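Here is how names work: the chains are called A, B, and so on, in the same order as the sequence lines, proteins then strands, and each is numbered from 1. What you are looking at is a predicted structure, and each value in this text was computed from that prediction instead of being measured.
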2 protein chains.
Amino acid sequence: METATLKNQASRFQELLEQRGLKCTYERKQIFDEVMHLREHFDADSLYERFKKRGLRISRDTVYRTLPLLLESGVVQKSAGAGHRDFFERIGIKGHHDHIICVKCGKIIEFQCEDIEKLQDKVCNDYGFKLSFHDHRLFGTCKECQ
Amino acid sequence: METATLKNQASRFQELLEQRGLKCTYERKQIFDEVMHLREHFDADSLYERFKKRGLRISRDTVYRTLPLLLESGVVQKSAGAGHRDFFERIGIKGHHDHIICVKCGKIIEFQCEDIEKLQDKVCNDYGFKLSFHDHRLFGTCKECQ
DNA sequence: ATCCTATTAAGAATTAATCTTAATTAGATA
DNA sequence: TATCTAATTAAGATTAATTCTTAATAGGAT
């Protein structure tokens with residue numbers, strides 16, 4: 001798998017904007033930059049709060065509207081967290097991974113499975129879909145909670 | 001894979017209640033029965049509305065609280081739908097499946113991949129997790145929208 | 001520099017899920 | 001069978017999460 005460098009992620013984001021005829025606005029650039037500095041998973045609202053704290057006038061709605069663009073350009077992936085919020089995380093050096101969640105204690109474990117990724121591609125191919133991103137979460141009981 | 005008959009699903013639900021020391025209430029039985037008659041995917045609120053229409057006094061909250069129990073006992077699985085609602089569907093004769101969703105037109109396709117299922121089990125095993133259920137959604141662009 | 005359209009901020013509105021309170025009920029026990 | 005007790009419930013209020021509305025702003029084409 002190719003490593004996700006800042007440079008190629010930035011250009012993939014740019015490309016998506018171009019392809020869709022979307023403008024490269026100050027706000028979209030700020031959101032991209034901020035996300036690239038995040039090491040942990042996050043949700044739209046906490047990202048909005050970071051801008052607010054720094055005195056940047058970027059609205060909650062703009063954050064919510066920009067995150068799907070980052071998803072589709074492969075800059076972030078779906079993540080997992082407590083409650084019903086949508087969680088995201090930057091696809092960094094360690095690359096893509098998915099999550100196992102303990103339904104009792106809420107513990108979250110990251111896993112990587114290249115074979116599953118390949119099968120996903122195959123499935124999409126079979127149906128004529130061009131895979132953009134995915135959300136794969138396994139819910140169960142961890143060793144300690146069993 | 002074993003076929004999910006009404007009978008063994010009912011007993012699996014019963015077993016879960018027993019295991020957890022939960023009571024087999026009138027409301028839980030009604031919700032189970034209603035779900036077993038649904039052929040399409042549904043969300044908590046539409047299920048609640050069905051009871052309301054029939055004059056059954058089952059609260060929205062009870063429906064929301066019961067659905068995770070049906071998930072964990074293998075009676076329903078996570079599904080996919082528009083918006084941010086949690087969607088569910090009964091695991092019927094055709095058995096478990098997952099979803100591919102077109103990010104442009106919203107089209108949803110069901111797929112079954114036994115190999116992915118096996119790999120999921122393996123991954124959980126590796127981490128000492130007992131897999132209960134999962135949510136696997138592939139987002140992309142369908143043939144027509146590409 | 002001007003114009004046109006997409007995009008935005010701000011906060012209101014909506015949607016989805018959970019919580020609160022008092023009443024009810026399942027299932028254990030006498 | 002009657003009584004008891006903790007779990008569960010209904011109803012609607014509340015909270016949480018996301019999207020919508022309106023008027024203002026700004027990217028980038030001309």
Side-chain angles (χ1 to χ4, degrees), chain A residues 13-34 41-73 76 78-88 103 106 135 139, chain B residues 13-34 41-72 76 78-88 103 106 135:
Chain A
F13 184 46
Q14 297 280 351
E15 272 163 36
L16 183 87
L17 295 180
E18 266 180 59
Q19 275 170 28
R20 301 270 175 94
L22 299 172
K23 292 177 179 174
C24 183
T25 64
Y26 170 78
E27 291 81 4
R28 283 173 178 151
K29 275 181 272 186
Q30 287 297 319
I31 292 169
F32 174 85
D33 287 346
E34 189 66 25
H41 75 159
F42 61 94
D43 60 73
D45 215 64
S46 67
L47 186 54
Y48 162 71
E49 289 295 337
R50 292 173 73 92
F51 291 121
K52 204 175 171 185
K53 246 175 217 161
R54 282 170 42 201
L56 277 182
R57 297 243 162 161
I58 292 179
S59 77
R60 191 194 313 276
D61 199 42
T62 299
V63 173
Y64 272 94
R65 276 185 281 108
T66 304
L67 281 168
L69 301 174
L70 294 177
L71 253 188
E72 291 190 53
S73 52
V76 301
K78 287 258 189 180
S79 186
H84 274 84
R85 286 209 133 120
D86 277 342
F87 281 86
F88 303 88
V103 293
D135 185 7
F139 296 87
Chain B
F13 183 48
Q14 296 281 351
E15 272 163 36
L16 183 86
L17 295 180
E18 266 181 58
Q19 274 170 29
R20 300 272 175 92
L22 299 172
K23 291 177 180 174
C24 184
T25 64
Y26 170 77
E27 291 82 4
R28 282 173 179 152
K29 274 181 272 185
Q30 287 298 318
I31 292 168
F32 174 85
D33 287 345
E34 189 66 26
H41 73 159
F42 63 92
D43 59 73
D45 215 64
S46 66
L47 187 54
Y48 162 70
E49 289 296 337
R50 293 173 73 92
F51 291 122
K52 205 175 169 185
K53 247 174 219 163
R54 282 170 43 200
L56 277 182
R57 298 241 161 162
I58 292 180
S59 77
R60 189 193 314 277
D61 200 42
T62 299
V63 173
Y64 272 93
R65 276 185 279 108
T66 304
L67 281 168
L69 300 175
L70 294 177
L71 254 187
E72 291 189 53
V76 300
K78 287 258 189 181
S79 186
H84 273 85
R85 287 209 131 117
D86 278 342
F87 280 86
F88 303 88
V103 293
D135 185 6

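The closest side-chain heavy-atom distance from A/Leu56 to A/Tyr26 is below 4.5 Å. Counting heavy atoms from C-beta outward, A/Ser73 and A/Glu15 have side chains that stay 4.5 Å or more apart. Side chains of A/Thr62 and A/Arg65 form a contact here, defined as non-hydrogen atoms less than 4.5 Å apart. Considering only heavy atoms from C-beta on, A/Tyr48 stays 4.5 Å or farther from A/Asp61 through its side chain. Inter-residue side-chain proximity for A/Leu67 and A/Phe88 is flagged as met; some heavy-atom pair is nearer than 4.5 Å.
Picking from D/dA6, D/dG28, D/dT18 the nucleotide with the shortest atom distance to the side chain of A/Lys23 gives D/dG28. For A/Arg85, whose side chain is taken as the heavy atoms from C-beta onward, the closest listed nucleotide among D/dA17, D/dG28, D/dT9 is D/dA17.
Two end axes, each from the C1' atoms of five base pairs, can be drawn for the helix from C/dA1-D/dT30 to C/dA30-D/dT1; they diverge by 40°, to 10 degrees.
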Quiz item: Between A/Glu72 and A/Arg20, does a side chain to side chain contact (heavy atoms under 4.5 Å, CB included) hold up when you go through it step by step?
Solution: CA-CA 11 Å; A/Glu72 291 190 53; A/Arg20 301 270 175 94; 2.5 Å; yes

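Remark: the backbone N or O of A/Thr66 is not paired with any side-chain donor or acceptor of A/Arg28 at under 3.5 angstrom.
Across the interface with DNA chain C, nearest-nucleotide mapping of B/Thr25 and B/Asp43 shows B/Asp43 to be the residue nearer the 5′ end. Projected onto DNA chain C by closest heavy-atom contact, A/Tyr48 and A/His84 fall at different nucleotides, the more 5' of which corresponds to A/Tyr48.
Counting 5' to 3', DNA chain C first comes under 4.0 angstrom of a heavy atom of chain A and last does so at the ends given by C/dT5 to C/dT18.
Note: A/Phe13 CZ to A/Lys29 NZ = 10.5 Å, rounded to the nearest 0.5 Å. Interatomic distance, A/Phe139 CZ to B/Asp135 CG, rounded to the nearest 0.5 Å: 6.0 Å. Atom-to-atom distance recorded for A/Lys52:NZ and A/Asp45:CG is 9.0 Å, nearest 0.5 angstrom.
At the heavy-atom level, A/Asp86 lies under 4.0 Å from the strands shown only through sugar-phosphate atoms.
D/dG28 atom P lies 11 Å from atom CG of A/Leu22, rounded to whole Å. With rounding to whole Å, A/Asp45 atom CG is found 12 Å from D/dT19 atom P.
For DNA chain D, the neighbouring residues in residues 56-71 of chain B, judged by any heavy atom under 4.0 Å, are B/Arg57, B/Ile58, B/Ser59, B/Thr62, B/Arg65.
Considering all non-hydrogen atoms of both residues, A/His41 and A/Ser79 come closest at CB-OG, 3.5 Å.
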